[in-house]
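By convention in this document, chain letters (A, B, ...) are assigned in the order of the sequence lines, proteins followed by strands, and residues within each chain are numbered from 1.
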Amino acid sequence: MRLIRIGYACINTILPSPNRTCRLKNAAPERIEELARENLGRLAAILEWNRDHAIHLFRISSETIPFASHESVYLDWETALAPELQKLRNLIRLTGMRISMHPGQFTVLNSPKEKVVENSIRELDYHAALLDTLAHDMSHKIVLHIGGVYGDKSASARRFKENFQRLPDRVKTRLIVENDEKNYTAADVHAIAVDLGIPAVFDIFHHSCHPFTEKSPIEKIIQRAMETWKAEDGRPKLHYSDQWPGKHAGAHSETVDMKAFKAFYEIVRDLAVDVMIEVKDKEQSVLKIYNEIPDLRGLF
DNA sequence: CCGCGTCAAGTTCAT
DNA sequence: ATGAACTTGACGCGG
């Protein structure tokens with residue numbers, strides 16, 4: 001039996017933020033370099049904390065290198081920050097932890113606006129470049145939503161697939177696609193993933209907000225998503241969150257609801273999957289889960 | 001020093 | 001029309 005692994009995204013609530021940035025008007029290369037160096041140091045501190053708490057998954061913030069894909073800002077960060085990057089690479093390799101990234105809402109590969117697509121391709125290439133410097137193998141992924149619908153979902157899905165072909169190879173080999181809470185269902189995303197030959201991430205919370213029409217048991221949906229993953233992609237990934245009570249449907253909760261999580265756990269407990277926990281209190285929820293389900297803690 | 005308006009970028013939906 | 005939400009609030013001006 002293999003146990004699932006869990007992790008969290010972008011920040012640790014008890015450590016300094018690895019998302020320092022500045023305003024564009026202050027974005028001189030020296031300033032960016034200084035901020036990025038501090039972000040990488042803080043990221044190392046988070047990964048060390050994760051190692052010490054047996055947390056194996058972490059999503060690295062897209063803001064680690066500020067303005068990295070902005071056309072009016074240039075910094076050769078791979079050279080300038082080589083020592084900091086080397087330290088992180090060693091830490092990741094020695095611990096075997098898995099990292100990922102998830103570009104922000106401005107990355108829309110299927111936009112009808114050419115400029116938006118170009119910006120998105122550059123942003124995705126930055127994500128691939130950073131992951132390449134931090135981890136050699138292709139299990140460290142870039143998670144992306146399909147994007148907008150623009151009144152015609154099938155045409156927009158087709159445009160996503162066409163624009164995927166424009167991506168550099170280093171992005172294509174890391175890109176995985178995720179269902180969202182209002183536009184593209186798990187079934188939509190699965191079809192696109194199969195057509196492109198890339199993995200699909202199943203987000204169970206988004207699915208609960210936006211299920212597809214034919215009722216399919218969660219077990220079956222997860223099974224189908226897992227089939228899109230090849231050996232070199234690493235363990236299939238799932239996203240988990242709960243609804244923030246009282247807020248609009250789709251608002252991520254403050255913390256994991258253990259009753260709901262245990263129900264989810266019963267479905268996935270024997271699967272070789274990695275689960276990203278997306279809640280506001282971050283590592284606190286991971287620790288809470290470890291306390292309630294001690295079997296999950298000891299896998300490092 | 002602190003409060004709070006603003007910040008590179010897109011799209012959708014609730015109000 | 002406007003604002004909130006999205007994987008993550010942080011910056012920095014004005015008082």
Side-chain angles (χ1 to χ4, degrees), chain A residues 6-28 31-32 34-36 38-39 42-43 46 57-74 99-124 126-127 141-153 156 159-160 163 176-184 201 203 205-206 209-210 237-244 246-254 275-286:
Chain A
I6 62 178
Y8 63 103
C10 297
I11 56 176
N12 179 302
T13 68
I14 57 177
L15 293 175
S17 168
N19 300 324
R20 294 208 59 198
T21 184
C22 66
R23 297 295 180 248
L24 181 57
K25 64 177 180 178
N26 300 327
R31 178 71 174 140
I32 299 292
E34 180 189 344
L35 289 165
E38 183 153 15
N39 285 341
R42 292 173 173 199
L43 172 59
I46 291 175
L57 310 178
F58 187 70
R59 178 184 302 159
I60 294 176
S61 167
S62 298
E63 296 179 7
T64 302
I65 315 288
F67 300 98
S69 74
H70 196 283
E71 42 185 4
S72 73
V73 176
Y74 180 73
I99 56 175
S100 60
M101 296 185 76
H102 192 0
Q105 58 271 40
F106 307 108
T107 304
V108 188
L109 191 57
N110 76 342
S111 174
K113 301 172 190 164
E114 174 60 18
K115 188 66 184 172
V116 174
V117 177
E118 288 171 10
N119 290 344
S120 298
I121 292 173
R122 276 208 319 282
E123 177 75 352
L124 285 165
Y126 147 65
H127 282 69
K141 295 299 191 184
I142 302 168
V143 183
L144 189 66
H145 294 292
I146 304 303
V149 171
Y150 313 98
D152 185 342
K153 194 192 275 186
S156 298
R159 203 165 46 248
F160 182 90
N163 289 339
I176 64 182
V177 282
E178 179 195 352
N179 58 306
D180 64 76
E181 78 282 13
K182 42 177 181 274
N183 296 333
Y184 293 87
V201 179
D203 186 311
F205 177 54
H206 289 160
C209 300
H210 188 211
K237 302 188 75 157
L238 304 175
H239 287 184
Y240 179 90
S241 183
D242 294 310
Q243 174 66 38
W244 187 315
K247 285 205 172 185
H248 79 281
H252 287 173
S253 61
E254 221 165 353
V275 180
M276 184 60 63
I277 307 291
E278 297 178 332
V279 291
K280 305 294 182 194
D281 72 352
K282 304 297 177 184
E283 83 292 341
Q284 294 304 312
S285 273
V286 175

Regarding A:Tyr150, tell me which of base, sugar-phosphate or nothing describes its non-hydrogen contacts under 4.0 Å with the strands shown. sugar-phosphate
List the residues meeting ring-ring contact (aromatic ring centres under 6.0 Å, His included) with A:Tyr126, not counting sequence neighbours, and say none if there are none. none
Considering every strand and a 4.0 Å limit on heavy-atom distances, what is the contact class for A:Asn183: base, sugar-phosphate, or nothing? sugar-phosphate
What verdict does the side-chain contact (heavy atoms from CB on, under 4.5 Å) test give for A:Thr13 and A:Tyr8, after you've listed the backbone C-alpha separation in whole Å, the side-chain angles of each residue and the deciding distance to 0.1 Å? CA-CA 11 Å; A:Thr13 68; A:Tyr8 63 103; over 6 Å; no
Presence of A:Ser72 side-chain N/O under 4.0 Å of B:dA8 phosphate oxygens OP1/OP2: no
Rounded to the Å, how far apart are A:Arg159 CZ and B:dG10 C1'? 13 Å
Assess whether side-chain hydrogen bond (donor to acceptor under 3.5 Å, both in side chains) is satisfied between A:Asn119 and A:Arg122, documenting all intermediate values. CA-CA 5 Å; A:Asn119 290 344; A:Arg122 276 208 319 282; 3.1 Å; yes
With rounding to whole Å, what would you report as the distance between C:dG9 and C:dA5 at their P atoms? 12 Å
Is any NZ, NE, NH1 or NH2 atom of the basic residue among A:Glu278 and A:Arg59 found under 4.0 Å from an Asp or Glu carboxylate oxygen of the other? yes
Ring centre gap for A:Tyr184 and A:His145 strictly below 6.0 Å: no
How many whole angstroms separate atom OH of A:Tyr126 from atom P of B:dA9? 17 Å
Say we look at C:dA4 and B:dC7: how far apart would their P atoms be, to the nearest angstrom? 15 Å
Whole angstrom is fine here: how far is it from NZ in A:Lys115 over to P in B:dT11? 14 Å
Provide the full list of salt bridge (Lys or Arg N to Asp or Glu O under 4.0 Å) pairs with a residue in residues 108-117 of chain A, sequence neighbours left out, each pair given once. A:Glu71-A:Lys115, A:Glu114-A:Arg166
Rounding to an integer number of Å, can you tell me how far A:Ile65 CD1 sits from B:dA8 P? 18 Å
Base, backbone or nothing for each nucleotide of nucleotides 6-14 of chain C, written B, S, -, heavy atoms under 4.0 angstrom, 5' to 3'? BBBSBBS--
Show me the side-chain donor-acceptor pairs of residues 61-69 of chain A shorter than 3.5 Å, one per line, residues at least two apart or across chains.
residue	atom	partner	partner atom	Å
A:Ser61	OG	A:Asn19	OD1	2.7
A:Ser61	OG	A:Glu63	N	2.9
A:Ser62	OG	A:His102	O	3.2
A:Ser62	OG	A:His127	NE2	2.8
A:Thr64	OG1	A:Ser61	O	2.7
A:Ser69	OG	A:Glu123	OE1	2.6

Could you check how far CG of A:Leu109 sits from C1' of B:dT11, rounded to whole Å? 15 Å
Measuring from A:Ile142:CD1 to A:Thr107:OG1, what's the distance to the nearest 0.5 Å? 10.0 Å
Any chance you could encode DNA chain B as dot-bracket? Rule is Watson-Crick or G-U wobble with both distances under 3.5 Å; [ ] for pairs crossing earlier ones, | for another strand. |||||||..||||||
The side chain to side chain donor-acceptor pair (under 3.5 Å) partners of A:His210 (sequence neighbours excluded) come to none
Nearest-angstrom distance from the residue atom CD1 of A:Ile32 to C1' of B:dA8: 11 Å
Taking only the P atom of each, what is the distance from B:dG10 to C:dC11 in whole angstrom? 23 Å
Output for pair (A:Met101 CE, A:Leu144 CG), nearest 0.5 Å, gives 12.5 Å
Mind checking the P distance from C:dC13 to B:dA8? Whole angstroms is fine. 12 Å
May I have the distance from A:Leu24 (atom CG) to B:dA8 (atom P), rounded to whole angstrom? 5 Å
Protein-nucleotide distance (A:Asp152, atom CG; B:dT11, atom P), rounded to Å: 15 Å
Would you measure the distance from the C1' atom in C:dT7 across to the matching atom in B:dC2 and give it in whole Å? 30 Å
Hey, does A:Val149 reach any base, or is it just sugar-phosphate, or nothing, if we go heavy atoms under 4.0 Å? sugar-phosphate
